[in-house]
Amino acid sequence: MAGEPQDDCLFCKVVAGTIPATIVRETETTVAFRDINPQAPTHVLVIPKAHYPNAAELSVAAPELAADVLRETRAVAEEDKLDSYRVVFNTGSGAGQTVFHAHAHVLGGRGMQWPPG
Ligand code: 5GP
Ligand code: ZN
């Protein structure tokens with residue numbers, strides 16, 4: 001069923017606490033934790049606790065939960081005192097998605113180029 005935990009999903013394991021992570025924020029519906037391979041001084045992943053394979057599916061199946069994730073990206077940026085930052089939802093392997101549990105990257109603390117690679 002949509003939203004159910006998946007046995008083979010890394011981020012469902014972070015939510016369950018069976019894989020350790022440096023958690024920076026947690027709400028009833030979301031978890032925010034530091035990326036294991038940071039690409040900027042702040043590189044935090046914000047995930048819904050419920051499993052959806054990507055942001056596109058999350059936005060359609062659970063729009064209020066998608067809003068929770070987006071709200072948490074702002075909270076992470078505020079906590080790290082970022083006035084400029086980038087929020088990225090890689091969607092599909094061709095766009096660089098490697099973990100198929102919806103997540104927002106919050107990147108900041110350095111200059112950013114556009115267009116991204
Ligand atoms: P994607 O490439 O799917 O957009 O992002 C997945 C992110 O998860 C990558 O930036 C990667 O470094 C991060 N990541 C992969 N495995 C782990 C892990 O075990 N712990 C943490 N904290 N981050 C992870
Ligand atoms: Zn999952």
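Read the numbers this way: they start at 1 and go in the same order the structure lists the ligands and their atoms. This one's a predicted model, so the numbers in the text were calculated from it and none came from an experiment. Heavy-atom basis, side chains included; hydrogens, waters and symmetry copies ignored.
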Worksheet item: Heavy atom under 4.0 Å from ligand 1: found in F33's side chain, backbone, both, or neither?
Response: side chain

Worksheet item: Is any side-chain heavy atom of F100 closer than 4.5 Å to a side-chain heavy atom of E57?
Response: no

Response to the item:
Of all protein heavy atoms, the one nearest atom 22 (N) of ligand 1 is R34 O, 2.9 Å

Discussion item. Any nitrogen or oxygen of L45 lying under 3.5 Å from a nitrogen or oxygen in ligand 1? Just yes or no.
Written reply: no

Worksheet, complete the sentence: the protein heavy atom lying closest to atom 3 (O) of ligand 1 turns out to be T98 N, 2.7 Å

Worksheet item: So, the side chain of H101 versus the backbone of P48: is there a donor-acceptor pair under 3.5 Å, distance only?
Response: yes

Discussion item. Is any side-chain heavy atom of L65 closer than 4.5 Å to one of Y52?
Written reply: yes

Fill in: Interfacing atoms of ligand 1 (cut-off 4.0 Å, heavy-atom, G96)
1 (P), 2 (O), 4 (O)

Discussion item. Rounding to 10°, state the angle centred on the Zn ion (ligand 2) that links SG in C12 with ND1 in H101.
Written reply: 110°

Worksheet, complete the sentence: Minimal heavy-atom distance between Q97 and T91, with the atoms involved, is OE1-CA, 3.5 Å

Worksheet item: Can you tell which part of F89 has a heavy atom less than 4.0 Å from ligand 1: side chain, backbone, both or neither?
Response: neither

Worksheet item: Can you name the closest pair of heavy atoms from T42 and R34 and give their distance?
Response: CG2-NH1, 4.4 Å

Practice prompt. Run the numbers for me: atoms of ligand 1, each under 4.0 Å from some heavy atom of L10, listed by number.
Written response: 15 (C), 16 (N), 17 (C), 19 (O)

Worksheet item: Would you say the ring centroid of H105 lies under 6.0 angstrom from that of H103?
Response: yes

Worksheet item: Is it true that K49 and E26 make a salt bridge, defined as a side-chain N closer than 4.0 Å to a carboxylate O?
Response: yes

Item to complete: Select the closest option to atom 7 (C) of ligand 1 among D35, V99, V14, judged by heavy-atom distance.
Response: D35

Practice prompt. Write out the residue and atom name of the closest protein heavy atom to atom 14 (N) of ligand 1, then the distance separating them to 0.1 Å.
Written response: I36 CG2, 3.7 Å

Worksheet item: Mind checking whether A21 has a heavy atom under 4.0 Å from ligand 1?
Response: no

Discussion item. Using a plain distance cutoff, I'd like to know if Q97 has any nitrogen or oxygen under 3.5 Å from a nitrogen or oxygen of ligand 1.
Written reply: no

Worksheet item: Does H103 reach ligand 1 with a nitrogen or oxygen that is under 3.5 Å from one of the ligand's nitrogen or oxygen atoms?
Response: yes

Practice prompt. Can you establish whether the number of heavy atoms outside R74 located under 6.0 Å from its atom CZ is more than 12?
Written response: no

Worksheet item: What is the minimum heavy-atom distance between A40 and G108, and which atoms define it?
Response: CB-O, 3.5 Å

Item to complete: Select one of side chain, backbone, both or neither to describe which atoms of N90 lie under 4.0 Å from any atom of ligand 1, heavy atoms only.
Response: side chain

Response to the item:
For H51, the N, O or S atom at the shortest distance from the Zn ion (ligand 2) is ND1

Worksheet item: Are any of the N/O atoms in I19 less than 3.5 Å from those in ligand 1?
Response: no

Practice prompt. Enter the distance from D68:CG to T27:OG1 here, rounded to the nearest 0.5 Å.
Written response: 6.0 Å

Item to complete: Examine Y85 and V44 and state if one hydrophobic cluster contains both, with Ile, Leu, Val, Met, Phe, Trp and Tyr joined whenever side-chain heavy atoms are less than 4.5 Å apart.
Response: yes

Fill in: Subset of ligand 1 atoms that lie under 4.0 Å from at least one heavy atom of F11
8 (O)

Discussion item. With heavy-atom distances below 4.0 Å as the criterion, list the atoms of ligand 1 near N37.
Written reply: 12 (O)

